[in-house]
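Just below is one structure, and these are the notes that go with it.
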Amino acid sequence: MTEPAAAPDGEPAPARPLPSVDELDLPFFDYDEPGLTGEVYHQRLAAVREQGWLARSPLAVVVLDRESGEFFLRARETAFPGREIADLFGITAGRLRDMIDANILNLTGERHRRLRALVGPAFTPRAAARWRPVMREFLAALWEGLGGATECDVVRAIAKPYPALTIAAVLGAPPGDAPRLHEWSSWVQRQFDIRALASEAGRIEEAVIELHDYAEGLLALRRREPSDDLLSALLAAEADGERLTHEECVNLVLNVLAGGVDTTQAQLSHALRLFAAHPRQWELLRQQPDLVPQAVAEVLRHEPITPFTARICTGRIEHRGVVFPPGTIVAVCAERANRDQQAGEEFDITAERDARVLTFGAGAHFCLGANLARAELAEALTFLAPRLPGLRPAGEPVLGGVEGIYGIDSLPLAWSAG
Ligand code: HEM
């Protein structure tokens, strides 16, 4: 900031008030625009980013670089706007609203810190690593199911069933329940999707009720017969002499299910799409399996399946000479933040990169399942790379929209007989 110029009588001129973000003339970016997907979406964002670090969109201002993205995710005067968005769509009471209110993402301050302290130990890298053998078993069974085919829709065959099976195992649910857990989770996850809240709130609420009852049943079973799964760990979790209440346990199960299925499915689908489009990178990974952790990191950086996450300003915030009044909704763009470095548009699993990407968020709400997701992706790439030589596209993929979780509906790929 520059010093205020001196007035003619020697007194310093009164400082000019900082502009409010509402007054700024900003480029427009509509993340809800039909057809905004694939390369078009990256190009559109790159063009908006060239004009500055801020843009305007229908419901929010969009923050386009990493420094400011991290700032808003970590700022004490911001919160996830889940309740405000629910209000906007008239979801002010009922089971769906109760679940939104109790969602860990919508909790702040001491309540949130307490929950994270209690559940943190169940989500460490070591805790995630325990599930790796089970992940390998699921991958082997899904591979068997392909019966030697050299072409398939890899979303339907692998990326979709795999995370639901894993989460079922982590929670201690029978593998046979994975398909209905998948169905519930993708409905419950739509509490974050503005289009679905507008048109399908009834179906989301039904899924919330069904899943809530299911989680209650599973918890009752684990209370009677503790095992070595996540539910038993939650029931036993204790920090500073405190335990989780029954409702907290049920809600955490809902949060883990809602947050842990569509996300990993989408990220693995994009990983396979990226490698099919970059055959030399895939060949390199096949020859050097020790590149898997870097490959996972590069997929997460290059194609984050959570391209935008949101914050609402709960107080007046000043940042980079701009005032963000209370109530301002800020969309943090992980896609641009992750490419905010030299050669950022390239997909390259050998490049030395700064590890601070925003795909899993930042600050207090940093993804609880990040270690589990990384382990799932690493196991999948380790398993698939040697089995899919010559991986290539075998048709047009059907890509989802980028406004919520950026998924892939179908991805036909082919490979050579191994
Ligand atoms: C590639 C996969 C995944 C991605 C990209 C992802 C992304 C994210 C992001 C961006 C956030 C923070 C949102 C915000 O601050 O606004 C988040 C939070 C969260 N994620 Fe994930 N996630 C993934 C997988 C998982 C898995 C496997 C689980 C469950 C085991 C999970 C459970 C959660 C939970 C419970 C939160 C809320 C944490 C809190 O509020 O303290 N996620 N995730």
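As the structure lists them, so they are numbered: ligands from 1, and atoms in each ligand from 1.
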Could you check [atom] against the protein and tell me its nearest heavy-atom contact, residue, atom and distance included?
atom                    : value
atom 12 (C) of ligand 1 : His365 O, 3.5 Å
atom 5 (C) of ligand 1  : Ile305 CD1, 3.5 Å
atom 15 (O) of ligand 1 : Arg311 NH2, 2.6 Å
atom 38 (C) of ligand 1 : Arg116 NH1, 3.4 Å
atom 37 (C) of ligand 1 : Ile104 CG2, 3.7 Å

Can Arg203 be said to sit on top of Trp187's aromatic six-ring, NZ or CZ under 6.0 Å from centre and within 45° of the ring axis?
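Yes, Arg203 sits over the ring of Trp187.
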Is the closest side-chain heavy-atom distance between [X] and [Y] below 4.5 Å?
X      : Y      : answer
Ile91  : Ile204 : no
Phe275 : Gln281 : yes
Arg301 : Arg339 : yes

Looking only at non-hydrogen atoms, find the nearest pair between [X] and [Y] and report the distance.
X      : Y      : result
Ala169 : Phe138 : CB-CE1, 4.0 Å
Tyr41  : Glu303 : CE2-OE1, 3.9 Å
Val402 : Phe308 : O-CD1, 3.6 Å

Who's closest to atom 10 (C) of ligand 1 heavy-atom-wise, of Thr359, Thr309, Leu358?
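Selected option, by shortest heavy-atom distance: Thr359.
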Among Thr166, Val256, Thr108, which one has a heavy atom closest to atom 30 (C) of ligand 1?
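Minimum heavy-atom distance to atom 30 (C) of ligand 1 goes to Val256.
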For ligand 1, which atoms sit closer than 4.0 Å to a heavy atom of Phe80?
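Listed by number with element: 16 (O).
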Go through ligand 1 atom by atom and flag the ones less than 4.0 Å from a non-hydrogen atom of His112.
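The list of qualifying atoms is 39 (C), 40 (O), 41 (O).
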Is the closest side-chain donor-acceptor distance between Gln294 and Glu298 under 3.5 Å?
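The criterion, which ignores hydrogens and geometry beyond distance, is not satisfied for Glu298 and Gln294.
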For ligand 1, is there an N or O atom under 3.5 Å from any N or O atom of Gln267?
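Between Gln267 and ligand 1 (N or O atoms, distance only) the closest approach is not under 3.5 Å.
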Salt-bridge present (Arg180, Asp177; N to O < 4.0 Å):
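So Arg180 pairs with Asp177 through a salt bridge.
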Before accepting this row, confirm whether a basic side-chain N of the pair Arg280/Glu283 lies closer than 4.0 Å to the acidic partner's carboxylate O.
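No.
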Taking atom 21 (Fe) of ligand 1 as the center, what protein N, O or S atoms are found at less than 2.8 Å?
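Checking every protein N, O and S atom gives Cys367 SG.
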Just one of Val119, Leu254, Leu234, Leu218 clears the side chain to side chain contact (heavy atoms under 4.5 Å, CB included) bar with Cys249, so which one?
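The option that passes is Leu234.
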Quick one: does Arg374 get a heavy atom under 4.0 Å from ligand 1?
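It does not, in that no heavy atom of Arg374 comes within the 4.0 Å cut-off of ligand 1.
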